[in-house]
Trainee: 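Would you mind keeping the following structure in view while I ask a few things?
Everything numeric in this text was worked out from a predicted model, so none of it was measured. Chain letters run A, B, ... following the sequence lines, proteins first and then strands; every chain starts at 1.
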2 protein chains.
Amino acid sequence: MPRSGDVVPDATVERLPLYHQALVELARTGETTVSSVKLAELAGVNAAKVRKDLSFLGSYGTRGVGYDVDFLTIQVSRTLGLTGDSSVVIVGFGNLGQALAKYGGFADRGFPVVAIVDADPTKVGTAVKETDGVVVQHVDELAKIVRSQGVAVGVIATPAESAQSAADALVGAGVQSILSFAPVVLDIPETIPWRKVDLATELQILSFYQARSGSLQHPA
Amino acid sequence: MPRSGDVVPDATVERLPLYHQALVELARTGETTVSSVKLAELAGVNAAKVRKDLSFLGSYGTRGVGYDVDFLTIQVSRTLGLTGDSSVVIVGFGNLGQALAKYGGFADRGFPVVAIVDADPTKVGTAVKETDGVVVQHVDELAKIVRSQGVAVGVIATPAESAQSAADALVGAGVQSILSFAPVVLDIPETIPWRKVDLATELQILSFYQARSGSLQHPA
DNA sequence: TATTGCTTGTTCTCAAATTCACAAACACGG
DNA sequence: CCGTGTTTGTGAATTTGAGAACAAGCAATA
């Protein structure tokens with residue numbers, strides 16, 4: 001019987017946000033309980049997998065009934081460490097950086113963008129109205145910003161060539177995790193978790209399954 | 001001995017774009033051959049895994065020497081179905097849609113954005129200079145656009161509520177694969193491969209590993 | 001042509017993840 | 001209070017993936 005002290009498998013961790021998202025949606029529509037079958041449908045996975053995943057957090061369901069939406073939401077949030085907002089700083093104010101800054105999807109889900117930096121002095125001073133008028137600052141200010149604003153997450157939106165120096169700056173400034181959109185492997189200390197999102201890579205993976213068209217559906 | 005007719009494992013497919021990226025970079029810097037160790041380093045994976053992955057495409061290396069960069073690039077491209085450009089249409093011209101349209105990273109890697117559509121008539125007519133002046137059209141034109149321009153990929157950048165109707169429109173219009181940024185599970189025919197990228201989900205996964213700080217590094 | 005050194009391709013073993021299948025447990029109605 | 005129907009939680013079996021280890025094979029050199 002897995003208890004909260006036990007390890008949560010990586011594969012499960014990657015799915016917890018899906019459940020969280022589905023639970024928030026259920027709460028919004030007024031549902032008070034949910035079965036593993038329903039939750040599986042909303043998250044796009046298999047019901048047995050949902051039950052096994054949730055069992056790693058503890059025994060929070062009621063047999064014959066299902067899971068309490070609000071209670072389970074809290075447990076999933078707690079496991080993911082989603083207690084309160086985590087401030088984000090974006091490094092790089094090119095097209096992608098501007099895009100991410102204006103995109104509201106971060107703040108909506110508890111990750112407000114509180115600062116933007118760039119190495120180009122001509123970009124410093126620009127205000128982004130979509131993020132409450134955050135003003136672009138110079139990358140040299142990074143350490144000061146992270147400390148004073150308590151920034152937890154750094155997002156790298158620089159060109160590939162500058163990504164490593166951006167990472168170094170973020171690590172030096174003291175952020176606790178990094179999300180990179182640059183298509184390069186970064187050298188980052190083991191103590192700081194980081195992930196890479198590469199949009200072109202996603203399209204190339206699709207390309208493969210499209211070429212094999214019909215024969216195989218993409219794995220969820 | 002795996003041959004090109006055999007199945008390529010899903011896990012391998014997800015890494016092929018990384019190798020492709022690394023190979024392109026090697027070619028750019030003038031390297032003509034590369035070892036599995038070097039390629040592994042550039043892609044951020046284990047060397048044994050590189051060799052095993054590549055062996056699914058065929059026996060394209062030379063023992064004692066390594067892989068020919070140009071030749072291997074061609075083989076990886078062919079396996080991924082990256083023969084020539086694949087046109088992309090973006091559905092949704094809100095913040096994220098505009099962001100993606102202006103972001104040059106798609107075209108650079110063989111996925112030019114040739115059209116943008118939105119359901120809001122007030123947005124129709126806007127030109128995006130970053131993508132050679134592509135003009136936003138109404139979503140009702142989608143089928144015509146896809147047919148006339150030979151669009152292969154649809155990118156969904158709408159709010160979550162509109163994502164399913166966007167997907168339906170794309171499927172009806174005849175696109176061959178779909179990349180969605182909306183945080184919902186889509187109902188799409190098995191014949192059309194699709195993937196979901198959710199930026200907030202990425203941050204939430206990081207949140208977990210950050211909470212478990214230091215004890216576990218995120219799996220690549 | 002024989003030897004040496006290096007790197008691939010593949011086999012083998014182990015670990016992780018998925019899926020099935022079902023007993024255990026609860027609510028509810030009679 | 002008992003039986004029924006439903007849904008969880010979890011062993012067990014299966015599939016998939018990771019990594020180590022090494023024989024096979026090629027180039028280069030003398």
Side-chain angles (χ1 to χ4, degrees), chain A residues 1-4 6-16 18-19 23 26 31-69 71-72 75-76 79 205 216-220, chain B residues 1-4 6-16 18-19 22-23 26 31-69 71-72 75-76 79 205 209 216-220:
Chain A
M1 178 202 307
R3 281 284 151 209
S4 45
D6 289 24
V7 182
V8 180
D10 290 335
T12 296
V13 172
E14 304 237 333
R15 283 187 294 267
L16 288 180
L18 303 181
Y19 306 148
L23 288 166
L26 283 165
E31 303 287 326
T32 59
T33 60
V34 63
S35 69
S36 60
V37 172
K38 176 74 175 171
L39 196 50
E41 186 186 326
L42 289 172
V45 302
N46 171 298
K49 203 170 347 189
V50 169
R51 290 198 297 276
K52 182 149 282 190
D53 282 341
L54 294 181
S55 79
F56 287 110
L57 314 193
S59 253
Y60 297 137
T62 305
R63 298 177 194 223
V65 178
Y67 301 89
D68 182 90
V69 171
F71 185 72
L72 188 57
Q75 298 310 323
V76 173
T79 304
I205 295 171
L216 271 184
Q217 167 64 348
H218 165 70
Chain B
M1 177 202 305
R3 281 283 151 211
S4 45
D6 288 23
V7 183
V8 181
D10 290 334
T12 296
V13 172
E14 305 237 332
R15 283 186 295 267
L16 288 180
L18 303 181
Y19 304 148
L23 287 166
L26 284 166
E31 303 288 327
T32 59
T33 60
V34 63
S35 70
S36 60
V37 173
K38 176 73 176 171
L39 196 49
E41 186 186 326
L42 289 172
V45 303
N46 171 298
K49 208 180 327 196
V50 169
R51 291 198 296 276
K52 188 176 278 190
D53 283 341
L54 295 181
S55 79
F56 286 112
L57 314 191
S59 256
Y60 298 137
T62 304
R63 296 177 196 224
V65 178
Y67 302 89
D68 180 272
V69 171
F71 185 71
L72 188 57
Q75 299 309 323
V76 173
T79 305
I205 295 171
Y209 290 104
L216 270 184
Q217 165 66 346
H218 165 69

Trainee: Is the shortest heavy-atom distance from the side chain of A:S36 to the side chain of A:Y67 under 4.5 Å?
Mentor: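 SC-SC contact between A:S36 and A:Y67 confirmed.
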Trainee: Do B:L39 and B:L54 have side chains that get closer than 4.5 Å, going by heavy atoms?
Mentor: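 Counting from C-beta outward, B:L39 and B:L54 do come under 4.5 Å.
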Trainee: At a cut-off of 3.5 Å, list every protein nitrogen or oxygen paired with a nitrogen or oxygen from nucleotides 17-20 of chain D, distance to 0.1 Å.
Mentor:
residue, atom, partner, partner atom, Å
D:dG17, OP1, B:A11, N, 3.4
D:dA18, OP1, B:R15, NH1, 3.3
D:dA18, OP2, B:R15, NH1, 3.4
D:dA18, OP2, B:R15, NH2, 3.1
D:dG19, OP2, B:K49, NZ, 3.2
D:dG19, O6, B:K52, NZ, 2.1

Trainee: Can you give me the N/O atom pairs linking the protein to nucleotides 25-30 of chain C at distances under 3.5 Å, or say none if there are none?
Mentor:
none

Trainee: OH of A:Y60 versus C1' of D:dT10: gap in Å, rounded?
Mentor: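 Atom-to-atom, A:Y60 to D:dT10, this comes out as 17 Å.
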Trainee: Could you tell me how far apart B:F56 (CZ) and C:dT10 (C1') are, to the nearest whole angstrom?
Mentor: 10 Å
Trainee: In whole angstroms, how far is the C1' atom of D:dG9 from the CD atom of A:Q75?
Mentor: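 After rounding, the gap between these two atoms is 16 Å.
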Trainee: How long is the straight-line distance from NZ of A:K52 back to CG of A:N46, given to the nearest 0.5 Å?
Mentor: 11.0 Å
Trainee: Heavy-atom distance under 4.5 Å between the side chains of A:V45 and A:Y19, does that happen here?
Mentor: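 With C-beta onward as the side chain, the pair touches.
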Trainee: On the nucleotide D:dC26, are OP1 or OP2 found under 4.0 Å from the side-chain N or O atoms that B:Y67 carries?
Mentor: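 No, no such contact exists.
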Trainee: Between A:S36 and D:dT7, is there a side-chain N or O to OP1/OP2 distance below 4.0 Å?
Mentor: no
Trainee: What is the distance, rounded to the nearest whole Å, between atom CD of A:E14 and atom P of C:dA16?
Mentor: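 Taking atom P of C:dA16 as the reference, CD of A:E14 is at 15 Å.
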Trainee: Give the intermediate values and the outcome of side chain to side chain contact (heavy atoms under 4.5 Å, CB included) for residues A:K38 and A:E31.
Mentor: CA-CA 11 Å; A:K38 176 74 175 171; A:E31 303 287 326; over 6 Å; no
Trainee: Given side chains that start at C-beta, do those of B:Y60 and B:V76 come closer than 4.5 Å, heavy atoms only?
Mentor: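 The answer is no, as the side chains (C-beta and beyond) never meet within the 4.5 Å cut-off.
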Trainee: Tell me yes or no: between the side chains of A:T12 and A:D53, is some donor less than 3.5 Å from an acceptor?
Mentor: yes
Trainee: Round to a whole Å and report the spacing from CG of B:L72 to C1' of C:dT8.
Mentor: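 Answer to the nearest Å: 12 Å.
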Trainee: Does a side-chain N or O from A:S59 land closer than 4.0 Å to OP1 or OP2 of D:dG9, or not?
Mentor: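 The answer is yes; a side-chain N or O of A:S59 sits under 4.0 Å from OP1 or OP2.
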Trainee: Which whole-number value in Å describes the distance from B:L57 CG to C:dT8 C1'?
Mentor: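 Taking CG of B:L57 and C1' of C:dT8, I get 14 Å after rounding.
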Trainee: Quick check: do A:L57 and A:L16 have side-chain heavy atoms less than 4.5 Å from each other?
Mentor: yes
Trainee: Minimum heavy-atom separation for B:V69 to B:L23, with atom names?
Mentor: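 Closest approach of B:V69 to B:L23: CG1-O, 3.6 Å.
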